[in-house]
Amino acid sequence: MIYTADVLVIGGGGSGMSAAISAATSGASVIILEKCAEVGGSTAMSVGSFTAANTSYQYRAGVNDSIDLFVEDMKVANGEFEARENKELRRILAENAGPTVEWLSSIGVQFLGPTPEPPYEKPRMHNVLPNSKAYREALLRECRKRGVAIYTSMRVDGLLRNAAGEIIGASANGQNYFGRRGVILATGDYSASTELKAKYVGEAAAKVPPVNPNNTGDGFYLGTEAGGVMMQMDRLYEGLRFAPSTRPDPIKMLPSVPGLTRLMRVVVERLPKSLLAYVIRGALTSWIGPNNTMYAAGAILVGPDGRRLANEDSDKLMARAVAATEANTGYMIFDARVARKFSAWPNPVSTFPGVAYAYVQDYKRFRPDVYHQAATLEELATSLGIEPAALTASVARWNEQVGAGADPEFGRERLGEGVTEGPFYALGPMNAYVTLADGGLAVDNQLRVTTEDGEVVPGLWAAGSTGQGGLQLLNHGLHIGWAMISGRLAGRHVAQAQNRVDLKVAEPVLSR
């Protein structure tokens, strides 16, 4: 049997399904090949915020924003890395983010917002309701409505070329699939590729596990074998998260049904902010690790053996040290002084910017499995399953270093005031994860994959993290934005391309 469509999309996450819908509504027939048993990808696993300017949500809230202000705030976020930015793709993102929020709204996605994200000038964060699975459900419904053919459990082995050197399709599970007008790579990032992490970031980073174990960099391998080039592969988001809660998360359990989500949005927008914040705190304590300002105030990070693990000034170093432990486990240790400070505004333990803030007492209420309090360090160690003598020795050594004003062990600069005043506290276990990777294939302004010399690889496009092209996404809500925006644009461009006359596979097949 021959499987041929106008457009072939490899990957069924947010970017892949957005590309498929865009191509289909541009008059093209579309096939999606998804290697997992179901579509959704990292988009369905995310927090779900989408940062955009000039939306109807902003207008209703009385926010007067602009594309230029949006770009300026992205420059602020980039800081010292601004020189690396792909400014043309950033402009494309900024100009298309608002229309993409409106497009998502038109297919049934509801948002809460816009909410502020200090220090940026305007409230732009649009938070999906009820959870990020709403993207998956809305995009899947629209794919089915538009006649997109979706094949799951289809891991692509290689891309196919014709005699003219054009990419004409892909091979998966022993079958060839063709795209008359082009192929779009939308396979996510490389956060689960031990090989790519080790090569471009280092062996320590390679040991940090991914949030999404399916992001093995498939599109990166396929794209480079076709002549493309990877960019900015040294950028990983490594950090600590609390171990998953064993208690049900009511927000994640809510179904994404269009009528229900519309009603939910109306209700949520009318809830008193204090009540809304309370409702969200339970979910917040499940999603996000503690604020690093707690370490700056004096907390330390220890492993299951009770010893300090790393320089707590650095998310990256803490994540790598925790990942290097046998159980990928760490604990934050702090005293009553730090606990008091992080029990009220403006010092939350964890934040969902502009929506909710969780404090020490919220972890006691919502996450008793990761909250520990004891009158003495010995009792705290027993609660954690740590040898008491090891923990007390680590704290004593740390307090000596704070008193001396230097950390010769790890070189930490923000020492705080030590761990001296009882009762004593711990938050954990925490696990290390790579949440995102900012590398991607080089693409032009039409999302066509390009070679090291800037030449277009004929017949090949890339979207989402696979086609990030040197774009830096350091604000919250930009990765989701780029997934949908780049997918929509790539789908439109491929749909407008000319049919290739020659769909005959020339040897050799590009394979991994």
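- With hydrogens and angles ignored, the 3.5 Å screen pairs no side-chain donor or acceptor of Lys197 with any backbone N or O of Ala192.
- Other residues, nucleotides and ligands contribute at most 12 non-hydrogen atoms within 6.0 Å of the NZ atom of Lys316.
- Checking Asp438 against Gln472 by side-chain atom types alone, no donor-acceptor pair falls below 3.5 Å.
- Side-chain atoms of Arg500 come within 3.5 Å of backbone N or O of Ile167 as a donor-acceptor pair.
- A salt bridge links Arg146 with Glu142: the distance from a Lys NZ or Arg NE/NH1/NH2 to an Asp or Glu carboxylate oxygen falls below 4.0 Å.
- Taking the six-membered ring for Trp, Tyr177 and Tyr151 have ring centres closer than 6.0 Å.
- Between Glu88 and Arg91 there is no salt bridge, since no side-chain N of the basic residue sits under 4.0 Å from a carboxylate O of the acidic one.
- For the atom pair Leu489 CG and Ser15 OG, the distance stands at 12.0 Å (nearest 0.5 Å).
- A salt bridge is absent between Lys199 and Asp234; no separation between the charged side-chain nitrogens and carboxylate oxygens falls under 4.0 Å.
- Counting only heavy atoms from C-beta outward, the side chains of Val494 and Val9 never approach each other to under 4.5 Å.
- Side-chain N or O atoms of Ser29 include one that pairs as donor or acceptor with a backbone N or O of Asp6 at under 3.5 Å.
- The backbone N or O of Ser193 lies less than 3.5 Å from no partner atom in the side chain of Thr216, so there is not a single donor-acceptor pair.
- Residues Glu38 and Arg136 form a side-chain contact, since some pair of their non-hydrogen atoms from C-beta on lies under 4.5 Å apart.
- Between the Asp444 side chain and the Gln446 main chain, a donor and an acceptor come within less than 3.5 Å of each other.
- Between atom NE2 of residue His476 and atom CG of residue Asn127 there is a gap of 10.5 Å, rounded to the nearest 0.5 Å.
- Residues Arg161 and Glu225 are not paired through a salt bridge, judged by the lack of any N-O separation under 4.0 Å between the basic side chain and the carboxylate.
- At a threshold of 4.5 Å between non-hydrogen side-chain atoms, the residues Leu196 and Tyr221 count as touching.
- For the pair Asn86 and Gly469, the tightest heavy-atom approach, listed with the atom from each and the gap, is ND2-O, 2.8 Å.
- Of the inter-residue distances, the one linking Leu89 atom CG with Trp482 atom CH2 reads 4.5 Å to the nearest 0.5 angstrom.
- Here the closest non-hydrogen pair linking Leu460 and Gly223 is CD2-CA, 4.3 Å.
- Distance OG1/Thr450 to CZ/Arg448: 9.5 Å, rounded to 0.5 Å.
- Shown here is Asn64, whose CG atom has no more than 12 heavy atoms of other residues, nucleotides or ligands within 6.0 Å.
- In this structure, Ala437 and Ser191 approach most closely via the heavy-atom pair CB-N, 4.4 Å.
- Not a single donor-acceptor pair under 3.5 Å links the side chain of Glu238 to the backbone N or O of Arg320.
- Rounding to the nearest 0.5 Å places CD1 of Ile10 at 10.0 Å from OG1 of Thr466.
- Between the side chain of Glu85 and the backbone N or O of Lys87, no donor-acceptor pair lies under 3.5 Å.
- With a 4.5 Å cut-off on side-chain heavy atoms, Val63 and Arg124 do not count as touching.
- His479 has its side chain out of reach of Asp189: every pair of non-hydrogen atoms, C-beta onward, lies at least 4.5 Å apart.
- When all heavy atoms are compared, the tightest approach of Ala97 to Phe50 is O-CE2, 3.7 Å.
- For the pair Thr329 and Asn431, the minimum side-chain heavy-atom distance is below 4.5 Å.
- Residues Trp103 and Ser106 approach most closely at O-OG, 2.5 Å, considering heavy atoms.
- Checked by atom type and distance alone, the side chain of Gln58 pairs as donor or acceptor with a backbone atom of Asn54 at under 3.5 Å.
- Between the Asn475 side chain and the Leu478 main chain, no donor and acceptor come within less than 3.5 Å of each other.
- Closest of all the heavy-atom pairs between Leu447 and Gly467 is CD1-O, 4.2 Å.
- Between Phe111 and Tyr135, the ring planes are tilted. Angles from 30° to 60° get that label.
- Using a 4.5 Å heavy-atom cutoff, the side chains of Tyr190 and Met230 are not in contact.
- The OG atom of Ser26 sits 6.0 Å away from atom CD of Gln496, with the distance rounded to the nearest 0.5 Å.
- Side-chain N or O atoms of Lys35 include none that pairs as donor or acceptor with a backbone N or O of Thr187 at under 3.5 Å.
- With contacts defined as side-chain heavy-atom distances shorter than 4.5 Å, the pair Arg235/Leu474 qualifies.
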